[in-house]
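Beneath this line is the structure, given in structure tokens, with notes to follow.
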Amino acid sequence: MLKLGVLISGGGTNLQAIIDNIENGNINGKIVLIVSNRKEAYGLERGKKAGIESLYINPKDFNSHQEYNLHLIKEFKDRNVDLIVLAGYLKILSPEFIKEFKNRIINIHPSLIPSFCGDGFYGERVHKAVLDYGCKITGATVHFVDEGTDTGPIILQKCVEVAEDETVQSLQKKVLEIEHKILVEAVKLFCDKRISIKGRHVKILKED
Ligand code: GRF
């Protein structure tokens with residue numbers, strides 16, 4: 001059974017979706033550590049309620065971004081983590097972290113990458129940009145994390161229609177439901193060893 005490490009910064013509804021799908025047997029994995037860079041992240045409460053080791057690690061306790069990331073690497077390696085899931089984690093990972101866990105870090109982004117992603121595109125800003133542009137569809141993307149921001153190989157995407165009377169809040173709610181679905185599916189596929197990657201191209205392998 002693969003060991004999962006989850007990085008969060010906020011409410012943790014994506015984390016909760018993973019917890020729920022491990023508990024109901026859909027995901028054949030085990031979350032062994034949750035880390036938040038923000039003390040008030042409700043996701044830490046979600047982890048504790050599920051009996052999962054959940055740590056607030058303050059980046060300000062380290063002399064640099066690099067040292068903070070080296071500490072995160074140690075925390076995950078000490079627990080033999082196989083897959084790192086960024087579930088609403090709002091900090092950039094260091095090159096050392098990316099190298100250490102190459103093709104073993106996945107992120108959920110609330111748009112159809114490569115649209116509305118990259119620096120400055122997070123949370124409500126993404127949905128506001130989609131509405132301002134006048135898009136008719138949007139969605140969510142799960143991708144491997146590489147050295148760029150939201151630039152890694154795409155694993156799964158799913159789209160939703162943008163209604164005429166859509167607001168930022170209604171769209172965020174719609175997309176978040178999609179996020180939960182495809183993040184859970186991606187973690188499940190990874191745990192079942194059904195994701196193969198060649199360069200930028202990710203293939204989902206058929207069930208045995
Ligand atoms: C979601 O909008 C997700 O797309 C983005 O950060 C937010 C996290 O939500 N990565 P939650 O903390 O999982 O509820």
Side-chain angles (χ1 to χ4, degrees), residues 4-23 26-27 29 31 33-50 52 54-57 59 72 83-93 97-98 101 105-132 135 137-146 148-160 162 166-188 190:
L4 311 176
V6 185
L7 281 165
I8 59 168
S9 299
T13 64
N14 279 288
L15 165 67
Q16 190 65 56
I18 298 169
I19 290 171
D20 295 346
N21 280 272
I22 287 173
E23 286 175 355
N26 184 34
I27 293 176
I31 301 174
L33 180 62
I34 298 166
V35 175
S36 172
N37 63 302
R38 292 175 56 197
K39 191 173 191 174
E40 67 282 5
Y42 185 65
L44 289 172
E45 282 313 304
R46 295 178 190 273
K48 286 172 189 154
K49 278 191 187 135
I52 301 166
S54 303
L55 303 176
Y56 160 55
I57 300 180
L72 293 180
L83 174 68
I84 305 276
V85 181
L86 308 186
Y89 183 63
L90 294 179
K91 288 186 74 67
I92 298 298
L93 298 172
F97 193 110
I98 304 289
F101 294 102
I105 311 167
I106 63 176
N107 180 50
I108 176 76
H109 182 76
S111 77
L112 295 173
I113 289 176
S115 299
F116 308 107
C117 64
D119 294 340
F121 281 105
Y122 56 87
E124 288 193 3
R125 294 176 176 206
V126 175
H127 308 299
K128 184 175 183 320
V130 166
L131 292 176
D132 290 349
C135 296
I137 61 161
T138 186
T141 304
V142 185
H143 62 95
F144 283 115
V145 176
D146 65 7
T149 304
D150 303 329
T151 54
I154 290 172
I155 301 168
L156 293 173
Q157 292 186 300
K158 192 171 178 60
C159 59
V160 288
V162 180
E166 206 75 71
T167 63
V168 168
Q169 286 67 35
S170 64
L171 190 55
Q172 180 167 43
K173 186 170 177 299
K174 243 186 205 176
V175 172
L176 200 53
E177 283 167 24
I178 300 289
E179 292 176 45
H180 297 163
K181 285 195 176 75
I182 62 173
L183 182 61
V184 163
E185 182 62 14
V187 172
K188 172 186 170 51
F190 193 97

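Along the sequence shown, the residues carry numbers beginning at 1. Note that ligands are numbered from 1 as they come in the structure, with each ligand's atoms numbered from 1 the same way.
No side-chain donor-acceptor contact under 3.5 Å links T138 and H127.
Once rounded to the nearest 0.5 Å, the distance linking CD of E124 with CD of Q169 reads 5.0 Å.
E185 meets the side chain to side chain donor-acceptor pair (under 3.5 Å) test with no other residue; sequence neighbours excluded.
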_As a quick check of understanding, evaluate side chain to side chain contact (heavy atoms under 4.5 Å, CB included) for L93 and L7, giving each step before the final call._
CA-CA 10 Å; L93 298 172; L7 281 165; 4.0 Å; yes

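The backbone N or O of H143 lies less than 3.5 Å from no partner atom in the side chain of N107, so there is not a single donor-acceptor pair. The closest donor-acceptor contact from the side chain of S36 to the backbone of A41 lies at 3.5 Å or more, if one exists at all.
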Could you list each N/O atom of ligand 1 together with any protein N/O atom closer than 3.5 Å, one pair per line with the distance?
residue	atom	partner	partner atom	Å
ligand 1	4 (O)	E179	OE1	2.5
ligand 1	4 (O)	E179	OE2	3.1
ligand 1	10 (N)	I108	O	3.2
ligand 1	12 (O)	G11	N	3.4
ligand 1	12 (O)	G12	N	2.8
ligand 1	13 (O)	T13	N	3.3
ligand 1	13 (O)	N14	N	2.9
ligand 1	13 (O)	N14	ND2	2.9
ligand 1	14 (O)	T13	N	2.9
ligand 1	14 (O)	T13	OG1	2.5

